[in-house]
Amino acid sequence: MLGEGHRRSERGTDVVIGYVETHGRPMTAAMAEGLEIVPRREPVHRGSEFTELDVDAVIARRPRVALVDELAHTNVPGSRNAKRWQDVEEILNAGIDVVSTLNVQHLESLNDVVERITDVRQRETVPDEVVRRADQIELVDMAPEALRRRLAHGNVYAPEKIDAALGNYFRLGNLTALRELALLWLADRVDEALARYRDQHGITRPWEARERVVVALTGGPEGDTLVRRAARVAARAGRADLLAVHVARSDGLRDDARPHALDRQRVLAEDLGGSYHQVLGDDVATALLEFARGVNATQIVLGSSRRRGWQFVLGPGVGATVAREAGDIDVHLVTHERVGKGRGLVELAGSPLSRRRRGGGWALALLGPVLLAAGLRAGEPPGLDTDVLLFLALTVGVALVGGLWPAVAAAVAGFLLLNWFFTPPVHTLTVDEPQNALALAVFVAVAVAVSSVVDLAARRSRQAARSSAESDALRLLAASVLRGEQALPALLERVRETFAVRAVALLERRDGAWRCVDSTGPDPATRPDAAEAVAEVGAESVLVLSGRVLPAADRRVLTAFAAQAEAVLEWRRLAEEAARARRLAEGDKIRTALLAAVSHDLRTPLAAIKAGVGSLRATDVRWEPEDEAELLAAVEESADRLDGLIGNLLDMSRLSTGVVTPLIRAVAVEEVLPAALAGVPADRVRVAVPETLPPVLADPGLLERAVANVVENAVRHSREPVLITAGQAPGGPDGPGGVELRVVDRGPGVPDDAKDTMFAPFQRLGDAPQGTGVGLGLAVARGFAEAVGGALRAEDTPGGGLTMVFTVRPAAAREEER
């Protein structure tokens with residue numbers, strides 16, 4: 001960026017530096033020399049001073065070009081814009097060109113990929129669209145080995161950071177992967193620019209800037225072979241793009257594609273690194289070539305025709321047409337085992353009409369021509385032309401009622417009756433006049449054609465209705481997925497409604513036996529062999545339906561429901577594992593608190609007991625009765641404190657295993673404080689708690705230990721006596737405010753960034769002497785505070801020091817809950 005700025009400046013362009021971050025690198029600072037620098041603004045945040053890009057100053061200076069470093073930078077809170085790229089947009093809107101810099105890991109679309117590669121989450125990102133709008137994007141590429149050499153030579157980081165950088169983020173694998181991401185991202189932008197240019201200039205001939213292989217799929221059995229062959233062609237061309245395409249008829253009437261085969265071939269193409277596309281077209285060859293030219297394809301792979309020899313009389317076929325009209329696109333015709341064996345029948349189950357309509361159609365086909373012929377014979381015959389039209393109308397009526405084959409039967413019967421009774425010479429099957437023979441032939445042809453159209457329309461109507469029903473079912477399925485704990489019952493109920501069955505159950509095999517995970521409807525099947533329909537859900541689960549046998553056409557939608565059931569079942573397992581993990585984490589948290597309490601709180605009373613008993617047992621000292629009584633009282637007091645502490649620890653241990661819950665009751669704060677302060681010298685603590693403070697909801701023992709740990713920690717670090725105050729926090733719309741107990745010290749305080757970590761186990765203030773504990777007191781305090789339904793947080797003490805704030809629910813909250 002700085003080099004570009006110098007080049008433009010030497011050409012006479014007015015260039016300024018809006019913001020450049022040198023990171024203390026002498027080479028970068030040297031390159032910035034000779035260019036005018038716009039002063040930065042200096043905002044203050046939390047007592048610290050920062051420097052940021054001054055957008056107003058750059059706009060007021062009105063240069064031709066502004067250099068702005070680190071496009072992804074996050075501005076100091078309180079700035080006009082949250083991100084620097086938003087500052088840049090303001091400068092661009094003012095008519096000033098901007099040259100900026102961006103690392104590939106800061107592109108929003110690549111954020112998750114970069115995290116998986118480097119194990120580092122980038123908090124600062126720029127939307128891809130912002131970068132795409134740039135007039136020019138230049139990739140500053142460097143081999144990973146060269147960049148690591150720059151690091152090793154000290155050109156990037158200070159010497160003490162070099163080894164850590166080389167061993168962590170700047171590993172050779174990380175840099176190679178990031179380099180590939182940058183190259184691929186920019187290559188996609190180049191493809192977009194090329195496609196835009198070709199479109200603007202009406203260029204349809206392929207430019208072989210990049211190999212793209214298009215494989216045409218018909219949904220036939222040869223599709224798998226074609227996809228694999230096309231993948232090999234793409235691999236030999238040097239990592240070329242693979243695009244699988246299926247051309248569907250726009251009218252939907254002649255498409256013989258098998259949906260299951262197309263689904264399988266789509267998955268195969270995607271597994272081989274390609275993409276799947278479907279386009280509409282009345283002419284398959286034309287649509288295929290238009291698609292290939294549209295994606296700038298260089299090669300097309302087709303299968304040799306499955307048509308039989310005589311069918312080529314109808315036309316040259318798709319393969320020959322594509323090869324003839326492909327122009328500069330190479331065409332590969334791949335042979336396969338189905339060549340010349342015919343296209344086969346379209347997968348369509350049964351007649352589209354109901355059994356009742358088919359029966360009525362056959363009855364009309366058998367009786368209608370006879371009755372019509374009798375009626376015509378009974379009166380004055382209107383003439384052969386009219387007779388043919390009447391029989392044709394009857395045949396069309398039969399086709400509308402009963403479909404193709406009853407109509408064909410009616411056409412044949414009509415032909416015979418017309419020939420026998422109404423075509424001279426009558427009562428013979430011979431025809432004297434050629435025009436009469438032609439009329440009869442046309443009658444049969446039209447009758448069969450109309451019947452076929454009616455039958456096909458009925459089939460397509462049924463297919464459309466089924467597709468609509470499937471779409472509705474899948475749409476409702478998608479809308480009902482993953483709706484919390486009730487997702488599985490809702491899904492099973494949706495299956496029962498969709499397929500109109502009596503009951504649905506999800507069974508899982510455990511230890512060789514089937515167990516019902518969930519069910520809906522009366523009397524669900526408990527074993528797969530007792531159900532009318534079964535769909536596999538994973539390796540050890542099945543979806544079973546009871547009430548009726550499903551037709552084969554419903555299996556596809558049932559498979560989709562089964563796949564969703566597997567996802568919901570997996571979600572439920574993950575939720576259970578997450579719940580177990582949370583319980584384990586809570587248990588670990590409590591166990592940590594218990595261990596901390598043992599190490600932190602048992603030592604003082606045990607030491608007092610040992611000292612008192614040791615003094616009384618000493619034979620070289622003669623104790624006065626008053627001194628003995630004082631020592632015994634101290635031993636008894638320490639023993640009582642130890643007994644209470646052990647009782648609390650036992651309760652917490654039982655709590656961690658889920659056996660008991662804390663004994664939450666209304667308790668006055670002044671009832672807890674004396675016991676909590678028993679081990680603290682009286683001259684080191686001042687208590688200012690009003691008597692009018694309302695009672696709180698807590699376990700007295702646990703709250704006592706939490707307060708004791710915090711007070712002892714404050715006394716240890718405070719230069720002055722610790723102040724304990726209490727008051728009621730203001731309420732909100734959700735209910736009355738809590739009661740806040742504050743422990744205020746005048747110690748060194750804690751930085752803002754350490755206020756959360758200080759509650760982690762084994763955290764000690766940096767200058768604390770080794771004999772003042774192991775850093776578990778505050779972790780214990782927060783654990784106990786949260787166990788009684790409260791909270792503990794840290795704040796700065798005005799004038800210096802630290803204030804620990806306990807927030808506990810007021811006893812009034814219990815009454816409102818009731």
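The main-chain N or O of Leu35 is never found under 3.5 Å from a side-chain atom of His6 such that the two would form a donor-acceptor pair. With hydrogens and angles disregarded, no donor-acceptor distance shorter than 3.5 Å links the side chain of Ser79 to the backbone of Asn75. Of the possible donor and acceptor atoms, one in the side chain of Asn93 sits under 3.5 Å from a partner among the backbone N and O of Glu89.
Nearest heavy atom pair, residue Leu67 against residue Gly5, reads CD1-CA, 4.0 Å. Residues Leu172 and Pro144 approach most closely at CD1-CB, 3.5 Å, considering heavy atoms. Closest non-hydrogen pair, Glu52 versus Thr74, comes out as OE2-O, 4.1 Å. The two residues Leu139 and Ala182 have their closest heavy-atom pair at CD1-CB, 3.8 Å. When every heavy atom of Leu242 is checked against every heavy atom of Ala230, the shortest pair comes out as CD1-CB, 3.7 Å.
Applying the side-chain hydrogen bond (donor to acceptor under 3.5 Å, both in side chains) rule to Asn81 yields the partners Asp87, Glu90; only residues at least two apart in sequence or on another chain are considered. By the side-chain hydrogen bond (donor to acceptor under 3.5 Å, both in side chains) test, Ser541 pairs with no residue at all, sequence neighbours left out. With sequence neighbours excluded, the residues satisfying side-chain hydrogen bond (donor to acceptor under 3.5 Å, both in side chains) with Arg64 are Asp97.
The shortest distance between side-chain heavy atoms of Asp128 and Val131 does not fall below 4.5 Å.
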- Evaluate the criterion side-chain contact (heavy atoms from CB on, under 4.5 Å) for residue pair Leu178 and Val114; output intermediate values, then yes/no. CA-CA 7 Å; Leu178 293 176; Val114 171; 4.0 Å; yes
- Task: Evaluate side-chain contact (heavy atoms from CB on, under 4.5 Å) for Val805 paired with Leu792, printing each intermediate quantity in order.
- Result: CA-CA 6 Å; Val805 183; Leu792 175 61; 5.8 Å; no
- Item | Stepwise side-chain contact (heavy atoms from CB on, under 4.5 Å) test for Val245 and Leu217 | CA-CA 6 Å; Val245 60; Leu217 302 177; over 6 Å; no
- Message: I'd like to know whether Val98 forms a side-chain contact (heavy atoms from CB on, under 4.5 Å) with Val65, so could you lay out the CA-CA distance, the side-chain angles of the two residues, the decisive distance to 0.1 Å, and finally the verdict.
- Response: CA-CA 6 Å; Val98 175; Val65 177; over 6 Å; no
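In summary, the side chains of Gln265 and His246 do not present any donor paired with an acceptor at a separation below 3.5 Å, with no hydrogens or angles considered. A side-chain donor-acceptor contact under 3.5 Å links Glu211 and Thr298.
Taking the charged nitrogens against the carboxylate oxygens, Arg80 and Asp56 do have a contact shorter than 4.0 Å, which makes a salt bridge. At a threshold of 4.0 Å, the pair Arg212-Asp241 counts as salt-bridged, since one of the basic side-chain nitrogens sits closer than that to a carboxylate oxygen. Looking at Glu145 and Arg148, no side-chain N of the basic residue comes within less than 4.0 Å of a carboxylate O on the acidic one, giving no salt bridge.
The aromatic rings of His277 and Phe291 are tilted relative to each other, their planes meeting at an angle between 30° and 60°.
The side-chain tip of Arg84 points at the ring of Tyr19 from less than 6.0 angstrom away and within 45° of straight on.
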